> 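Handing you this structure, nothing more for now.
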Amino acid sequence: MLRWSIGVGLAVTVGITLGALMGWYPLVRAMAKPLFEFYRYIPPLAWVPLTVLILGPSLQAAAFIVFVGALPPVVINTWNGVYQVDPILAEAAKTIGAGRLKTLIRVALPVAALSIMSGIRTAVGAGWASLIGAELVGAQSGLGFIIVNSEEAQRPADIVVGMLLIGVIGMLIDFSFRKLSAASTRWLGAEL
Amino acid sequence: MNGNPASVPKLVMRDIDKRFGNVHALTDINVEVHRGEFITIVGPSGCGKTTLLRIAAGLEMPTSGDVLLDGAPAGGPGPKRGMVFQKFALFPHMNVQQNIDFGLELKKVPRDKRREIIAKYLQLLGLESFAETYPRQLSGGMQQRVAIARALVIEPEILLMDEPFAALDAQIRISMQEMLLELVRQTHITTLFVTHSVEEAIYLADKVFVLSQRPAKVARVIEVGQAAEWKQMKFPEAEQAPGFLALKKEVWSLIRH
């Protein structure tokens, strides 16, 4: 769970920052978009061998794989959300003395909050899936590791139990996050 | 800048020409707005009035020509030129008070001073009971009052208004016009106001600039002045004053050509 939290937390922080800059500054978008599109098509699992080679089968390695899997939805949703903010709001902000960055932080990001929230929700699930994937190939503990271990020990029942647990925990995570985001959406929705 | 207020106009638009690709929107436009004046610009639909005002605000650059503020090149948009948009453009995630406060915060006005100023403008625009309300809970007229307060609160040199009442229904529109005149009397704010409504242009203005069809030129400048008989009247009497009707006929004949 720690692996997952660190990875998702990082993905949210980095993703919102990167997505916001890409959505707001055409120059950043022009530079970052091709790289990002390229990165997006490398599945998180493909990062595992290199990560384990460099970081060893560690907490950092697992968190990194979670990060890699959870980042794209946060970036894409933040970018789209910010990009779609009505330009007239930015003009209004300019005429009362707000600079471009100030407008991004105080106007565009809050207005894009709903889109960003749904990106985070997707990231939460994607992070969980990548974590299990990472454990399948490169960990000494965790549910994914238990499954692989059971395969070697020829215990199909344990494998199925492991899979069920992964599904149930994934659903629980998503459920609790949905509750959380519904509450904050209600709060935001009252304003927007 | 306050040295010689009488001779240096607040805002000068000199030889403005604007093209969008093949479309020639504005040509040879000269507008001067002096301190404390209320200027309206009226013209046929699609003649480029809004473009002209956006140029005045710095939101759009002219193809050629200059915009001067207090005699100096005006440059990009900023807090010296307050803008009120037809579509209100309030910040949806901020309540009325926060919308008004944002400009003061950007201006780095101390917090307790801000509270005082906000209270004054809420009162001036009849918004006292809506301080905590969010824009989407307000009617169009109320939203536009907030937008006017947001623009005025930072004490711009000039207030630019882009068909601010066009999205409102007729009754609200009239009460907003009366309110605006009253507000101008109290604050002496210099105003440049664009509209397609001939009645609105005449009712509000000290001076009306009538634009022609595209490419728009200034067809005529009509001095109305504070002395006009209907300035002290309300609707519907104001519209029936003989002087008002004569001006209305004059403006219409210019717009039709």
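Since this is a predicted model, take the numbers as computed values, not measurements. A, B, ... follow the sequence lines: proteins, then strands. Residue 1 opens every chain.
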> Surrounding NZ of K87(B) (heavy atoms of other residues, nucleotides or ligands, distance under 6.0 Å), is the total greater than 12?
no
> Output the option from G76(B), G82(B), A89(B) having the highest count of non-hydrogen pairs under 4.5 Å with chain A.
A89(B)
> Which salt bridge (Lys or Arg N to Asp or Glu O under 4.0 Å) pairs, counting each pair once, include a residue from residues 163-174 of chain A, with sequence neighbours left out?
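Qualifying pairs, neighbours excluded: R121(A)-D174(A), D174(A)-R178(A).
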> Given heavy-atom pairs under 4.5 angstrom as the criterion, report whether the side chain, backbone, both or neither of A57(B) touches chain A.
neither
> Check R106(A) against H93(B) and note the closest heavy-atom contact, atom names and distance.
O-NE2, 2.7 Å
> Do other residues, nucleotides or ligands put more than 12 heavy atoms under 6.0 Å from the CD atom of E155(B)?
no
> Is atom CZ of R29(A) surrounded by more than 12 heavy atoms (other residues, nucleotides or ligands) closer than 6.0 Å?
yes
> For R150(B), is it the side chain, the backbone, both or neither that has a heavy atom under 4.5 Å from a heavy atom of chain A?
both
> At a heavy-atom separation under 4.5 Å, does L90(B) approach chain A through its side chain, its backbone, both, or neither?
backbone
> Which residues, numbered in order, of residues 78-100 of chain A come under 4.5 angstrom of chain B by heavy-atom distance?
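Against chain B, the residues of residues 78-100 of chain A that fall inside the cut-off (heavy atoms, under 4.5 Å) are I88(A), L89(A), E91(A), A92(A), A93(A), K94(A), T95(A), I96(A), G97(A), A98(A).
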> Please determine whether the number of non-hydrogen atoms from other residues, nucleotides or ligands lying under 6.0 Å from atom NZ of K107(B) exceeds 12.
yes
> Counting only heavy atoms from other residues, nucleotides and ligands, does the tally under 6.0 Å from CD of E37(A) exceed 12?
yes
> Taking CE in M163(A) as the centre, count heavy atoms belonging to other residues, nucleotides or ligands within less than 6.0 Å. Is the count above 12?
no
